[in-house]
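Note sheet for the following structure.
Order of the sequence lines sets the chain letters (A, B, ...), proteins ahead of strands, with each chain counted from 1. Quick caveat: nothing in here was measured; it's all calculated off a predicted structure.
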Number of protein chains: 2
Amino acid sequence: MRRDVFQAIADPTRRAIIVLIALQAMTPNAIAGHFDTTRQAISKHLRILTECELITQEQQGREIYYQLEVKKMKEIDKWLEQFRKIWESRFNQLDEVLLTIKKNKK
Amino acid sequence: MRRDVFQAIADPTRRAIIVLIALQAMTPNAIAGHFDTTRQAISKHLRILTECELITQEQQGREIYYQLEVKKMKEIDKWLEQFRKIWESRFNQLDEVLLTIKKNKK
DNA sequence: TATATTTGCAACCGATTAGTTTCGCAAATA
DNA sequence: TATTTGCGAAACTAATCGGTTGCAAATATA
């Protein structure tokens, strides 16, 4: 069973859940209230998100509050890092081209 | 058929392809040489990546060179932006706590 | 104690996925 | 011209996915 951060954020509902609980922890019922599906479906998403450690849970009586593990999101950021270098350098190359054109105009 | 950047990078093979062609354009055959699958399977991945505009192709005789559309990767970066604010502010809060501890020690 | 609420889990279902094999087409080469 | 090479598309398959319904367990409330 493949279960990584990238597969976790592939589903739009899971991305919405992530955004939803980013600022404050929420119970499955409360989360499900924001979507047009059953609570069980949301529960499944929460299980997947938990399995790849994107969220953590905190029991409070019979309620369970789910919270985003923001630092796990950095894994995506880390992967993007290598491309950030490229797209920045490509811009630099473009800058150089423009600079050369300017110089030639003189 | 859902086809967005997040679904595109969900597959580990596709992520590897993206990394592979990030620096220089490559033909399907050359790409397939790096993996333990058939060229046709790679071709399918390339189609998906093309459909969500993550890569572009350039015909050269009977060869087709695939190249990464780096700027499309920024879409992921853009989505991460909202969390970057959170994880930075969380760190700031931690900094403040540590600062308070330091002050109290005086 | 009896009942209601909150939740996770299992079983099932249709759709999608990633892979395979087979094929046809166009370009290069003998 | 005949053959090889590079490629995408179609048909098929096993596995996975996202959703459903129907439970059971634990906690709160009457």
Side chains of Phe83(A) and Val19(B): does their closest heavy-atom pair fall under 4.5 Å?
yes
Sub-4.5 Å side-chain heavy-atom contact between Ile42(B) and Tyr66(B):
no
Between [N] atom [atom2] and [X] atom [atom1], what is the distance in whole Å?
| X | N | atom1 | atom2 | answer |
| --- | --- | --- | --- | --- |
| Phe6(A) | dT17(C) | CZ | P | 19 Å |
| Arg47(A) | dT6(C) | CZ | C1' | 18 Å |
| Leu46(A) | dT6(C) | CG | P | 16 Å |
| Glu51(B) | dT17(C) | CD | C1' | 13 Å |
| Glu58(A) | dT6(C) | CD | C1' | 16 Å |
| Tyr66(A) | dT6(C) | OH | P | 15 Å |
| Arg62(A) | dT27(D) | CZ | C1' | 6 Å |
| Lys44(A) | dC12(C) | NZ | C1' | 9 Å |

Specify the residue among Ile48(A) and Gln60(A) whose closest nucleotide of DNA chain D lies further upstream toward the 5′ end.
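Mapping each residue to its closest nucleotide by heavy atoms, the 5'-most match is Ile48(A).
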Taking only the side-chain nitrogens and oxygens of [X], find out if one of them lies under 4.0 Å from OP1 or OP2 of [N].
| X | N | result |
| --- | --- | --- |
| His45(A) | dG19(D) | yes |
| Arg14(B) | dA18(C) | yes |
| Gln7(A) | dC17(D) | yes |
| Ser43(A) | dG19(D) | no |

Quick one, Glu75(B) with Lys72(B), criterion salt bridge (Lys or Arg N to Asp or Glu O under 4.0 Å). Give me CA distance, side-chain angles, the key distance, then yes/no.
CA-CA 6 Å; Glu75(B) 257 181 41; Lys72(B) 192 74 179 180; 2.9 Å; yes
Would Arg47(B) and Glu51(B) count as a salt bridge (Lys or Arg N to Asp or Glu O under 4.0 Å) if you check the C-alpha gap in whole Å, the side-chain angles of each, and the deciding distance to 0.1 Å?
CA-CA 6 Å; Arg47(B) 198 166 75 90; Glu51(B) 275 173 15; 3.0 Å; yes
With a 3.5 angstrom cut-off on both distances, give the Watson-Crick or G-U wobble partner of dA15(D), or none if there isn't one.
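Paired with dA15(D), as far as the under-3.5 Å criterion goes, is dT16(C).
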Mind running side-chain contact (heavy atoms from CB on, under 4.5 Å) on Ile17(B) and Ile55(B) for me, showing each step along the way?
CA-CA 10 Å; Ile17(B) 292 176; Ile55(B) 61 175; 5.9 Å; no
Ranking dC7(D), dG8(C), dT20(D) by distance to the side chain of Ile64(B), first place goes to dC7(D)
Out of dA18(C), dT7(C), dT21(D), whichever nucleotide has its closest atom nearest the side chain of Gln40(A)
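Among dA18(C), dT7(C), dT21(D), the one nearest the side chain of Gln40(A) is dT21(D).
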Does the pair Leu46(B) and Ile31(B) meet the rule for a side-chain contact (heavy atoms from CB on, under 4.5 Å), with working shown?
CA-CA 10 Å; Leu46(B) 292 173; Ile31(B) 296 168; 4.1 Å; yes
For Ile9(B), is there any backbone N or O sitting under 3.5 Å from a side-chain donor or acceptor partner on Arg15(B)?
yes
Kindly state which residues belonging to residues 25-39 of chain B come within less than 4.0 angstrom of DNA chain C, counting heavy atoms of the residue only, listed by number.
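Here the set is Thr37(B), Thr38(B).
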State whether the distance check finds a donor on one side and an acceptor on the other, under 3.5 Å, for side chain Glu63(A) versus base dT27(D).
no
